[in-house]
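Each chain gets a letter, A, B and so on, in the order its sequence line appears, and its residues count up from 1.
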2 protein chains.
Amino acid sequence: MPTLDDVGKAAGVSRGTVSNVFNRPELVRPELRERVEEAARRLGYGGPDPKGRLLKEGRFNAIGFMPPGAYAIAEFIRSPYGRELLQGAALACDAAGATLSLVNGTDETRTGTIREALVDGFILGNVVDINLVASAKRRRLPFVILESDAGPDVNSIRIDGRSGAMDAVRHLTALGHMRFAILSIRRTAGSAIIHLPGQAGRGLLAGFALDHERLQGFRDGLAQAGLSIDDVPVIETRPGDPEAGAAVFDHCPDATAILTMSDWQAITVLDEAVRRGIDVPGHVSVVGFDGTAESTRTTPPLTTVAHDVVGKGRLAAEMVLENGPPRQVVLPVELVVRASTAPPR
Amino acid sequence: MPTLDDVGKAAGVSRGTVSNVFNRPELVRPELRERVEEAARRLGYGGPDPKGRLLKEGRFNAIGFMPPGAYAIAEFIRSPYGRELLQGAALACDAAGATLSLVNGTDETRTGTIREALVDGFILGNVVDINLVASAKRRRLPFVILESDAGPDVNSIRIDGRSGAMDAVRHLTALGHMRFAILSIRRTAGSAIIHLPGQAGRGLLAGFALDHERLQGFRDGLAQAGLSIDDVPVIETRPGDPEAGAAVFDHCPDATAILTMSDWQAITVLDEAVRRGIDVPGHVSVVGFDGTAESTRTTPPLTTVAHDVVGKGRLAAEMVLENGPPRQVVLPVELVVRASTAPPR
DNA sequence: TCATTTTCTTGGAGCGCTCCAAGTTTTTTG
DNA sequence: CAAAAAACTTGGAGCGCTCCAAGAAAATGA
């Protein structure tokens with residue numbers, strides 16, 4: 001690839017002049033300009049390489065988005081939650097004239113990615129591996145983490161998952177439900193993990209912050225109705241696992257209410273219900289989480305623990321772009337009652 | 001921000017040694033390494049800046065995605081078509097270990113964006129402004145354009161929109177439909193444009209390649225049934241305009257079949273039908289375009305002119321990443337008949 | 001102890017560009 | 001027509017890094 005120098009040589013002028021021809025053409029006498037442009041054409045010069053400029057300018061004018069532990073970018077875009085989050089981030093980037101870089105990376109390579117990504121800051125999707133936060137700090141770029149809190153010196157945005165989950169349970173117990181099933185999120189590769197009541201080592205409340213918090217909310221909500229989460233089957237599936245619905249119906253045949261951790265999971269359950277001819281909400285009630293646009297369009301429309309996902313994505317990008325003092329934001333949630341819940345059969 | 005040199009100075013070693021500490025630590029004696037690391041910590045050095053390396057290496061290891069003329073990135077992600085396309089591109093980037101950069105830009109700034117984006121290649125969403133192709137050529141990076149054909153020296157991927165559109169019309173005329181409405185895409189900002197039959201200067205077949213082609217298909221399909229597109233009202237709305245459905249029902253009250261240019265538009269029509277208590281397909285049939293995953297989940301499920309959108313996105317990214325000789329790919333379409341079409345009332 | 005080998009460290013060159021002070025040429029002015 | 005002003009062009013410095021040949025130091029062997 002020819003460089004400014006090559007073009008300059010070919011046109012019999014200096015590098016600086018060639019640079020001017022491309023960046024400040026008004027500074028260069030027309031006939032000279034023409035000569036330089038002609039030389040550039042002849043050599044197949046594609047214009048000043050942004051790499052060079054970059055080094056000088058010092059900014060990529062881009063922020064990186066790293067999807068949550070369990071996802072690849074492609075998978076994340078597929079999820080209703082993921083695409084609204086990206087939408088919001090894209091909105092903010094657009095407004096700021098910045099680029100949104102979708103960086104991939106398996107759990108093992110993410111640290112390296114953080115070290116080397118060509119960005120001015122990061123949005124770290126729900127962080128599973130806490131070492132990522134350490135890596136991000138080390139890079140000394142602004143970043144924000146989603147759905148975790150890593151202390152007062154780290155930007156974070158999360159929702160109050162516990163109270164949202166409690167609201168969902170309260171709604172269902174108020175309708176008279178007593179027999180629940182919980183669809184939780186598996187944060188590693190693989191198919192559904194079934195935790196039946198009474199099973200040893202259910203370790204449900206270990207895991208990852210987001211899931212932990214929501215499970216706590218479910219637990220506490222159940223407790224308020226005199227029920228124990230220990231009697232509730234919990235199934236962990238990967239976010240977009242199409243088998244999730246099947247797993248629930250197979251393993252929790254007498255649940256009258258199914259609590260989930262995302263609208264996507266709830267949709268899977270709805271789909272499986274159609275397949276099996278199970279009536280929702282007549283036979284079983286289903287509650288989603290996140291309140292994405294999808295949840296309004298299902299059949300029946302989904303009762304869900306909603307928050308402003310697009311707004312969250314936008315805020316995240318804004319925080320990174322602004323690079324102000326660290327903030328920990330907790331967004332409100334609201335139970336939106338639609339037609340997927342009703343009194344038990 | 002401190003640099004390798006600063007750290008070297010602070011630790012009393014050379015720049016090269018500091019670089020080794022970070023990149024090939026095994027080459028550096030442990031105690032020296034420790035001394036350097038300690039100096040780095042003390043200075044708050046965030047590790048070798050990728051900018052420097054970049055210049056040496058010469059590749060960004062990223063491809064840029066530029067959305068179609070009418071969209072911003074955020075809007076594009078909202079559309080069922082857009083997110084499947086991005087999904088596919090993300091898939092290919094992930095497999096290649098590359099980053100997918102979502103570059104924004106209004107119509108006026110896109111040329112500049114193409115000149116300066118920090119990427120090794122481009123996917124240009126449906127190109128409205130043909131000058132973009134010239135800009136992309138000038139940059140001398142691999143690129144592919146979608147839903148247009150810019151000749152044998154430019155990578156392109158498109159579907160056979162004309163035959164897909166014809167299939168849609170044939171399906172409807174076979175069912176007995178005689179009165180149509182067409183929902184087309186407005187490629188500029190603003191609300192719906194109504195082209196009623198007989199109106200002067202309908203200029204329907206001008207516009208942008210994709211729309212042009214599909215309109216041709218509609219025209220030719222109608223002609224086969226002895227109908228003229230000149231008698232069919234055509235409404236142009238922006239891709240995600242929620243008013244699209246309303247415009248159709250307001251201005252084409254006696255259409256028994258509505259042809260659209262995207263599933264997204266068709267979904268809008270379905271939503272409006274629900275709102276107005278209009279039965280689909282009892283009262284009116286609706287046909288989508290693209291065959292996105294969304295189209296299976298609507299009520300009723302959508303009859304649509306389908307193609308593999310995810311595959312298209314993946315292929316696009318692969319073509320850019322491979323940087324082989326230019327190819328012009330035409331993907332097959334297939335009319336998928338579902339429950340949104342039926343014989344006319 | 002000195003020669004040889006092995007291990008470690010150095011600093012210059014170069015990646016492609018932009019910026020800018022200084023120099024050169026052209027134009028204007030008195 | 002010379003001097004002053006304006007217009008244009010030049011080339012070095014520097015952005016932060018990696019690579020690598022060469023040099024220095026330490027370890028090993030005779």
Side-chain angles (χ1 to χ4, degrees), chain A residues 1-40 43-61 112 115-120 138-141, chain B residues 1-40 43-61 112 115-120 138-141:
Chain A
M1 286 266 105
T3 70
L4 275 185
D5 263 318
D6 299 330
V7 176
K9 215 158 292 170
V13 299
S14 80
R15 181 171 19 93
T17 300
V18 183
S19 173
N20 282 338
V21 168
F22 284 96
N23 296 310
R24 268 107 84 235
E26 72 284 0
L27 290 187
V28 181
R29 206 162 14 102
E31 65 266 30
L32 224 204
R33 195 193 311 162
E34 177 46 46
R35 206 168 86 218
V36 171
E37 280 168 349
E38 142 63 17
L43 293 180
Y45 181 67
D49 186 330
K51 275 194 287 297
R53 177 179 342 208
L54 178 65
L55 196 51
K56 190 82 194 181
E57 294 196 343
R59 309 177 25 254
F60 293 100
N61 196 26
R115 214 172 41 230
E116 311 196 338
L118 306 175
V119 299
D120 305 318
R138 216 172 300 129
R139 173 95 188 253
R140 312 243 156 199
L141 288 180
Chain B
M1 284 265 107
T3 70
L4 275 185
D5 263 320
D6 299 330
V7 176
K9 215 158 293 171
V13 299
S14 79
R15 179 170 22 91
T17 300
V18 182
S19 172
N20 282 337
V21 167
F22 282 96
N23 297 310
R24 268 105 85 232
E26 71 284 0
L27 290 187
V28 181
R29 205 161 16 101
E31 66 265 30
L32 223 204
R33 195 194 310 162
E34 177 45 46
R35 205 168 86 216
V36 171
E37 281 168 348
E38 140 64 19
L43 293 180
Y45 180 66
D49 186 329
K51 274 194 288 298
R53 180 181 340 212
L54 179 64
L55 196 51
K56 190 80 194 182
E57 294 196 344
R59 308 175 28 251
F60 294 98
N61 196 27
R115 213 172 42 228
E116 310 195 339
L118 305 175
V119 297
D120 305 318
R138 215 172 301 128
R139 174 92 189 256
R140 312 243 156 198
L141 288 180

query = Just checking L32(A): base, sugar-phosphate only, or nothing, at a heavy-atom cut-off of under 4.0 Å?
reply = sugar-phosphate

note = Its 5'-most and 3'-most nucleotides having an atom under 4.0 Å from a non-hydrogen atom of chain B, DNA chain C is contacted over dC8(C) to dG16(C)

request  = Using whole Å, report how far CZ of R33(A) lies from P of dA7(D).
outcome  = 15 Å

query = Near DNA chain D, under 4.0 Å by heavy atom, which residues of residues 13-30 of chain B?
reply = R15(B), S19(B), N23(B), R24(B)

V18(A) and V13(A), any side-chain heavy atoms less than 4.5 Å apart = yes

task = Test side-chain contact (heavy atoms from CB on, under 4.5 Å) on N23(B) and R53(B) and set out the steps.
result = CA-CA 11 Å; N23(B) 297 310; R53(B) 180 181 340 212; 4.1 Å; yes

ask   = In terms of side-chain geometry, is the basic nitrogen of R59(A) or E57(A) positioned less than 4.0 Å from the acidic oxygen of its partner?
value = no

task = Could you tell me whether K56(B) contacts a base, only the sugar-phosphate backbone, or nothing, with contacts defined as non-hydrogen atoms closer than 4.0 Å?
result = base

ask   = Are L118(B) and L118(A) side-chain neighbours, meaning at least one heavy-atom pair lies under 4.5 Å?
value = no

message = Donor-acceptor check, side chain of R140(A) to backbone of M1(B), threshold 3.5 angstrom: yes or no?
response = no

task = Test side-chain contact (heavy atoms from CB on, under 4.5 Å) on D49(A) and T3(A) and set out the steps.
result = CA-CA 8 Å; D49(A) 186 330; T3(A) 70; over 6 Å; no

query = Do R35(A) and E38(A) come close enough that some side-chain heavy atom pair is under 4.5 Å?
reply = no

inquiry  = If the condition is side-chain contact (heavy atoms from CB on, under 4.5 Å), which residues does N20(A) pass it with, not counting sequence neighbours?
reply    = R24(A), L27(A), V28(A)

